[in-house]
Protein chains: 4
Amino acid sequence: MTLADHAAPAPRPGRRADAERNRAAIIKAAGEVFAECGGGVDVREIARRSGVGMGTLYRHFPTKDALLVTVLERQFDAWLTDAYQWAVATEDPWRALTGFFEQLLDTQAGNRAVVESFATTGGPSDACVQRCYAIIDELRTRCVDAGVLRSGVTTEDLFLLSGSVSQAVLTTADSHPGKWRRLLRISLDGLSSRNTEPLPEPGVGTDARV
Amino acid sequence: MTLADHAAPAPRPGRRADAERNRAAIIKAAGEVFAECGGGVDVREIARRSGVGMGTLYRHFPTKDALLVTVLERQFDAWLTDAYQWAVATEDPWRALTGFFEQLLDTQAGNRAVVESFATTGGPSDACVQRCYAIIDELRTRCVDAGVLRSGVTTEDLFLLSGSVSQAVLTTADSHPGKWRRLLRISLDGLSSRNTEPLPEPGVGTDARV
Amino acid sequence: MTLADHAAPAPRPGRRADAERNRAAIIKAAGEVFAECGGGVDVREIARRSGVGMGTLYRHFPTKDALLVTVLERQFDAWLTDAYQWAVATEDPWRALTGFFEQLLDTQAGNRAVVESFATTGGPSDACVQRCYAIIDELRTRCVDAGVLRSGVTTEDLFLLSGSVSQAVLTTADSHPGKWRRLLRISLDGLSSRNTEPLPEPGVGTDARV
Amino acid sequence: MTLADHAAPAPRPGRRADAERNRAAIIKAAGEVFAECGGGVDVREIARRSGVGMGTLYRHFPTKDALLVTVLERQFDAWLTDAYQWAVATEDPWRALTGFFEQLLDTQAGNRAVVESFATTGGPSDACVQRCYAIIDELRTRCVDAGVLRSGVTTEDLFLLSGSVSQAVLTTADSHPGKWRRLLRISLDGLSSRNTEPLPEPGVGTDARV
DNA sequence: AATGAATGAGCTTTCATTCAT
DNA sequence: AATGAATGAAAGCTCATTCAT
């Protein structure tokens with residue numbers, strides 16, 4: 001049992017089959033609709049696309065926001081899990097870290113809602129963020145131990161980097177898909193231990209221009 | 001006359017003075033409101049804060065979006081100009097480039113609407129983007145000539161980097177102001193010529209993990 | 001057999017025992033819920049509290065309103081019976097009449113749905129009203145025979161009086177419980193034969209001010 | 001200046017004429033609709049009937065409830081004023097008191113919303129209740145001074161009596177209009193000083209049957 | 001016969017935009 | 001030209017009733 005096992009679909013026993021099917025349909029449809037249109041879409045669109053009535057939707061999720069969070073969590077969690085599993089199986093610590101980021105960003109490419117969540121809430125949900133932190137921290141530690149990571153780089157730095165590049169992923173999704181990979185590589189290279197200059201302290205006033 | 005002179009307020013001749021004053025008041029208020037609340041605010045709030053009626057507002061700007069674009073353009077343009085002027089006056093090409101980014105990001109720190117614009121429209125407006133591109137290209141060329149920039153880095157890469165870090169600026173604005181500077185430094189360091197590995201081609205399929 | 005025997009639970013022969021149990025549970029729960037919250041409650045709350053599913057509830061009662069009426073009838077009927085039995089056993093005709101009202105009002109104190117029914121439907125149901133009328137008429141006749149009732153007072157007057165005071169009972173239920181008893185006493189005293197002025201005729205135009 | 005001057009229509013100076021007309025139309029329509037259908041009606045019905053859009057309605061009243069309260073206050077206040085003015089001009093204290101009640105009840109006959117308000121909120125609004133209390137108290141004092149009021153009768157008793165009879169007014173509005181006048185007379189006669197028995201103390205346990 | 005999930009019209013409220021004054 | 005009231009199409013959410021299991 002590692003960090004990577006995530007909330008299973010949880011097929012509660014007494015649940016009727018069609019209810020479960022509907023719930024799944026809602027989550028699926030919501031996942032697509034939120035991804036395409038962002039969190040601002042009309043709930044009706046999700047109901048329509050999932051083939052259920054409004055009441056059914058609201059039976060399964062008490063508010064639109066609850067649905068959004070659920071969907072984002074599931075999506076992000078799944079991506080996180082995949083990327084983590086790949087990373088764990090990778091020998092080279094550096095490649096594990098960078099590959100993890102690339103894979104994670106790759107899967108969330110063009111998902112408006114997920115990317116929005118980084119800008120508005122700081123991430124899909126606290127639980128997701130926690131889990132992401134834990135994973136990044138693990139990968140970071142391996143790099144530190146191997147001496148390949150720039151000194152002073154924190155987990156927060158890495159998380160922030162990931163969320164920030166995800167915006168670039170969305171920006172370029174339509175016009176220049178894949179271009180973000182160059183940006184990611186650039187930023188990651190700035191993380192290698194070949195960069196020896198100290199990073200600025202978190203204090204506000206630091207000014208690189210000086 | 002250089003790249004940096006931007007669209008002046010354009011005092012159209014036949015215009016009555018108070019109309020011009022109103023227009024200015026609207027733009028000022030909209031700038032503040034959009035910055036604080038993002039592009040989703042109620043137009044009424046802008047009218048209220050600028051002290052004009054809704055009709056006046058809509059006389060000057062046909063749609064909310066037109067107002068938003070106008071405001072973003074002016075703000076971004078001003079910041080761009082400032083940062084550019086500083087950069088032009090800086091001897092060291094590398095410092096000019098990095099300082100330019102930091103200054104630009106610093107001024108837009110916490111401006112919700114501007115940052116949103118990068119995620120949704122790819123930038124405040126096409127004109128802004130063009131101008132930003134031109135400036136970045138100029139600074140980039142200086143670095144290339146001085147041999148301090150990683151080979152293969154394009155203007156697009158740099159622009160994308162800027163837009164992406166701006167998201168981090170917003171994300172951390174409340175909780176950890178200034179933390180984005182570390183991220184910026186990291187990314188910029190990935191741009192130095194000490195990084196010799198080739199960047200991935202823009203093609204979609206490239207996979208850093210391999 | 002007197003006026004007072006009311007519709008028995010009527011255990012229809014072919015009925016399965018659990019069906020009867022469910023029906024009883026529904027009526028019990030509905031009685032409580034309607035009393036507490038009034039007729040506007042969500043039917044779900046009743047289903048929940050009675051421990052049956054919505055389908056079962058609607059199998060026993062075709063509409064929410066049918067359930068409401070059934071419940072009100074049963075409750076009111078029971079109270080009516082109790083109050084009547086007490087009144088019948090009371091020698092003094094005046095005390096029988098007044099005590100009947102007080103007892104009836106006392107039991108329905110705070111039952112939102114019953115009181116609402118007087119305002120909206122004129123009473124829990126036609127059958128209830130009929131029965132109540134019959135009882136009141138009986139008690140009234142005794143008073144008339146004994147010469148203690150104001151001349152011209154009709155059964156309708158008395159029924160109306162009861163329904164009207166019931167509102168006061170509800171109004172004061174939380175803040176001043178029991179205060180309605182003063183109001184009841186006042187009104188009842190207006191009914192005594194010591195008041196000799198003729199009551200206004202039912203015609204609309206009568207105006208006490210003239 | 002007496003108790004009876006009530007909030008004037010308040011034609012705020014800068015207000016546009018049509019806005020005032022709309023506001024009036026809304027209040028008028030709402031008054032009718034609420035009176036006919038009670039507080040539960042669809043707001044759309046009021047918008048339709050007053051000939052304005054939903055937005056206009058909500059511009060004038062922030063919530064449905066605010067509209068309801070405003071309407072009830074105005075209506076009740078107007079009735080209160082009328083009845084009070086009549087009462088003040090009446091020499092006979094007893095006739096002033098009883099006539100006041102009759103007139104007040106007469107005007108609110110069949111107004112569902114106002115009557116509902118007594119059952120749910122205890123009255124149209126706190127301000128209304130205060131004013132009503134003050135008026136009743138004044139009329140009551142005159143009766144007490146004249147020695148025509150039953151000893152121990154409080155203003156609260158009288159207010160409660162009024163609210164309670166108003167239910168009867170509503171109940172009989174359609175089937176037996178005017179019948180409530182008999183009930184009112186009965187109750188009022190119970191208030192005359194010819195009734196010498198002490199009223200029950202407000203304590204809960206008092207039982208008239210004993 | 002029992003269950004509780006599904007339905008969808010209907011509710012209150014918001015807000016970009018138009019238009020009478 | 002300026003004002004801000006008016007508009008009405010959504011939007012999020014509820015709940016009496018039906019229906020598949």
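The structure displayed is predicted, hence computed values, not measured ones. Proteins come first, then strands; the chains are lettered A, B, ... in the order of their sequence lines, and each starts at number 1.
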Within the pair [X] and [N], is there a side-chain N or O less than 4.0 Å away from OP1 or OP2?
| X | N | value |
| --- | --- | --- |
| D:His60 | F:dA6 | yes |
| C:Asn22 | E:dA1 | no |
| C:Thr56 | E:dA1 | no |

Protein-nucleotide distance ([X], atom [atom1]; [N], atom [atom2]), rounded to Å:
| X | N | atom1 | atom2 | value |
| --- | --- | --- | --- | --- |
| C:Leu67 | F:dC15 | CG | P | 17 Å |
| A:Glu45 | F:dA10 | CD | P | 13 Å |
| A:Lys64 | F:dA10 | NZ | P | 15 Å |
| A:Arg44 | E:dA9 | CZ | C1' | 10 Å |
| D:Arg48 | E:dT12 | CZ | P | 11 Å |
| B:Asp42 | E:dT17 | CG | P | 11 Å |
| B:Tyr58 | F:dG4 | OH | C1' | 13 Å |
| C:Ile26 | F:dA16 | CD1 | C1' | 15 Å |

Fill in: Nearest non-hydrogen partners of D:Cys37 and D:Arg112, listed with the distance
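Of all heavy-atom pairs spanning D:Cys37 and D:Arg112, the closest is C-CD, 3.7 Å.
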
Testing the basics here: between B:Val69 and B:Pro124, what is the closest heavy-atom pair and its distance to 0.1 Å?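 Closest approach of B:Val69 to B:Pro124: CG1-O, 4.1 Å.
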
Fill in: 5'-most by nearest nucleotide on DNA chain F - A:Pro62 or D:Gly53
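On the 5' side of the pair lies D:Gly53.
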
*asked:* Heavy-atom nearest nucleotide on DNA chain F for C:Val41 versus D:Met54: which residue maps closer to 5'?
replied: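 The 5'-side residue here is D:Met54.
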
| field | For E:dG10, the Watson-Crick or wobble partner whose two distances fall under 3.5 Å | value |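 When the pairing criteria are applied, F:dC13 turns out to be the nucleotide that pairs with E:dG10.
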
* Asked: With both distances under 3.5 Å as the test, what is the Watson-Crick or G-U wobble partner of E:dA1?
  ->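 E:dA1 is unpaired by these criteria.
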
ask   = Between E:dA2, E:dT3, F:dC13, which one does the side chain of C:Val52 approach most closely?
value =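 When the side chain of C:Val52 is considered, E:dT3 is the closest of E:dA2, E:dT3, F:dC13.
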
Handout entry: Proximity to the side chain of B:Asp18 - top-ranked nucleotide from E:dA6, E:dT21, F:dA2
Key =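 Output: F:dA2.
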
Please figure out whether C:Arg59 or D:Val43 has its closest DNA chain E nucleotide nearer the 5' end.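 Result: C:Arg59.
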
**Q.** OG1 on B:Thr120 to CD on A:Glu116, rounded to 0.5 Å
**A.**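 Those atoms lie 9.5 Å apart.
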
So how far is it from A:Ser166 OG to A:Phe76 CZ, rounded to the nearest 0.5 Å?
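Rounded to the nearest 0.5 Å, the OG-CZ separation comes to 8.5 Å.
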
task: From the options C:Ile26, C:Thr56, C:Val33, select the one residue that forms a side-chain contact (heavy atoms from CB on, under 4.5 Å) with C:Ser50.
output: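 Option passing the side-chain contact (heavy atoms from CB on, under 4.5 Å) with C:Ser50: C:Ile26.
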
